[in-house]
Protein chains: 2
Amino acid sequence: MTGASFWSQFELHQLRCFVAAAEELHFGRAAARMNMTQPPLSRQIQLLEHVLGVKLLDRTSRAVKLTPAGRVFLLEARRILRLTESAALATRRIASGEAGTISLGFTAASGYSFLPRLLLQRASHAPNIDVALKEMVSSEQVDSLLTGRIDVGLLRPPISRSEFTTLRVASEQLVAALPFGDERLGGASLELRDFDGKPLIMYAREGARYFHDLLAGQFKAAGVMPVTVQSLSQIHSILALVRAGMGAALVPEAAMSLHFDDVHFRPVRTQPESPVELFAAWRTDNDNPALSAFLDLLRADDASAGMEAGAASD
Amino acid sequence: MTGASFWSQFELHQLRCFVAAAEELHFGRAAARMNMTQPPLSRQIQLLEHVLGVKLLDRTSRAVKLTPAGRVFLLEARRILRLTESAALATRRIASGEAGTISLGFTAASGYSFLPRLLLQRASHAPNIDVALKEMVSSEQVDSLLTGRIDVGLLRPPISRSEFTTLRVASEQLVAALPFGDERLGGASLELRDFDGKPLIMYAREGARYFHDLLAGQFKAAGVMPVTVQSLSQIHSILALVRAGMGAALVPEAAMSLHFDDVHFRPVRTQPESPVELFAAWRTDNDNPALSAFLDLLRADDASAGMEAGAASD
DNA sequence: ACACGCCCATCCAAAATTCGCATCGGTCGA
DNA sequence: TCGACCGATGCGAATTTTGGATGGGCGTGT
């Protein structure tokens, strides 16, 4: 008892034979078109008919005609064959990186300014690359990169893993977010010492480690010590407290695009000038073919964004 | 040089293997599902990948994963396989006569009353049978039946060909079509002698042979001789002349549904009572599977129409 | 009327493909 | 470090497919 019992499915080769025969209405010519001789073609069609349980071609020794069922099956067969070709094509396109999907992780802050610009570039320069967006904090992005849930992350340093390649895609200034009526709004720009002893909405150590450490470092280097009235991790929560008059905050410029009522922004002089860095990171061994096209996009975007921030390396 | 040179197309069997492997993510289980052992399955997938020129599955000896291209191809493969099944199903349905297309020839007159009723029955009792309608005179229908351009004809006798099967599907009375103001409108019904010596719009011998001969026979049997003022073959042309007052006409009852302004109808006593017969005819060797279902429809319709006309045989 | 040609089906041996068994090589976990 | 697991590979056997020869039905031409 071998597999010969009931072969309830036809094969594409049989469809091709049938389409040729149905179009030529002549087994000999159809066989020639299929690069074979007439007998095997006959048998393939017999097999197909047997599998379907339906007579597809009416063969008198004088003429070959399609049966009504054959007419219907011809349309279906052509459709299936077309589909096989387009499937192969589409798959090859994906594999070559011409098209595809990139899963992109991004931090909330990067979504305000950098991400929209990036997506705009994608739309014009790589329209076949779909980008699946997933907002998550930097540490989640590292995990997701390792497990493959995302292909690329837009995140904050430090990115320590050796399996990653990283690229600095943007650097921004810190800006002060001040409630309406704050006296420091008088000047065009602020110094760090303007915050000394004043109430400040701070980033939480957990959940916003990067900004917490960045600010802590800046204040320490400047010998300044503000009064932390609250610690939060999400920028829009921080700005909400600023609006409530609980204190000032230091946020990346990108946050300015949030447009909170009664919250005004002033640049803050820091060392370096643009200390807030955003990196792209991806697994060096990521095999998503669309990745390289997407990275080209990132590098191009980095060039323009870097000029704004005055620091384009590479 | 054998056929091994370049086999640029994959086979459905390979798709089935790939889908199994992609769903199980385990070659052994996939092979079991496919009722084969693991090595051939491996090779089928290798072959598929080679044909596509694309790696579909990432196999480490510890885990099997889909590549991005593989994810896309999985969707396509599933679609193709679904399509093959539905194609087989649809074709079998056509072959079994559950669904299909019937080409139906009909005469203009039969289209006024009998055909709409028939199509209504089709809609409720055989919704999967499509009917392609082709209006043509009876002689054209005979030709078209012979060449297969139509499967069934609704036509007038005589139908002499031996390769046809026929069925009387309706018989109607003759009615007089009279112009507004005609004195004969006074009575509820007319006799043939009411036309003796009076102007009559006659059917043309060519193009409306059936009605011409029918009327000629009726008048002759009744010893009546109207004055033929004009001969035409199309009923609506005849009624147009009646409206113009050129004379009376004798038409089948079905023509009453044309609703010509200022043309009124009265039944005419004839022998037999309903001399206008409509037949269905089809080639006895017609192999359209939808035909039998359609003929059932005709026979059912005949029963009801026959009662109206008072003559249901068979 | 009869012989011929055309065309699809069938038969059969040869070729190609596919299959399954045994085995290899690599990886992970104990 | 050993053993279990898993996919790849080698190879002979079974199956399938192929093509040439042939059969049989049906028009056609003479």
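Since the structure is predicted, the reported quantities are computational estimates derived from the model, not experimental observations. Reckoned from all heavy atoms, side chains included, excluding hydrogens, waters and symmetry mates. Lettering of chains follows the sequences in order, A, B, ..., and the numbering in each one begins at 1.
Between B/R29 and A/N35, it is B/R29 whose nearest contact on DNA chain D lies nearer the 5' terminus. Projected onto DNA chain D by closest heavy-atom contact, B/H26 and B/P40 fall at different nucleotides, the more 5' of which corresponds to B/H26.
Side chain to side chain, B/Q38 and B/S42 meet the donor-acceptor criterion of an N or O pair below 3.5 Å.
Atoms NE2 (B/H13) and C1' (D/dT17) sit 16 Å apart, rounded to a whole Å. Taking atom CG of residue A/L48 and atom P of nucleotide C/dA9, one finds them 13 Å apart after rounding to whole Å. Regarding A/Q14, its CD atom lies at a distance of 11 Å from the C1' atom of D/dT17, rounded to whole Å. We find that CE of B/M34 is positioned 11 Å from P of C/dG20, with the value rounded to whole Å. For the pair B/M36 CE and D/dA14 C1', the interatomic distance rounds to 15 Å; values are reported in whole Å. Straight-line distance from the CG atom of B/L41 to the C1' atom of C/dG20: 13 Å, rounded to whole Å. Between A/L12 atom CG and D/dT17 atom P there is a gap of 14 Å when expressed in whole angstrom units. In this structure, A/H50 places its NE2 atom 16 Å from C1' of C/dA9, rounding to the nearest Å.
Ring geometry for A/F73 versus A/F10: interplanar angle over 60°, hence perpendicular rather than tilted (30 to 60°).
When the nucleotides D/dG19, D/dT9, D/dC6 are ranked by their closest atom to the side chain of B/P39, D/dT9 comes out on top. If you check D/dG7, D/dG10, D/dT18 against the side chain of B/R43, the one that comes closest is D/dG10.
Electrostatic pairing of B/E49 and B/R59 counts as a salt bridge here, judged by a charged N lying under 4.0 Å from a carboxylate O.
In B/R29, the CZ atom is crowded: over 12 heavy atoms of neighbouring residues, nucleotides or ligands sit closer than 6.0 Å.
Aromatic rings from B/F164 and B/F279 are positioned such that their centres are separated by 6.0 Å or more.
Taking side-chain N and O atoms only, A/R59 has a distance below 4.0 Å to OP1 or OP2 of C/dA9. Proximity of B/S42 to the phosphate of D/dA8: a side-chain N or O atom is located under 4.0 Å from OP1 or OP2. An OP1 or OP2 oxygen of D/dT9 is reached within less than 4.0 angstrom by a side-chain nitrogen or oxygen of B/Q46.
Nucleic acid contact class of A/Q38 (heavy atoms, under 4.0 Å, all strands): base.
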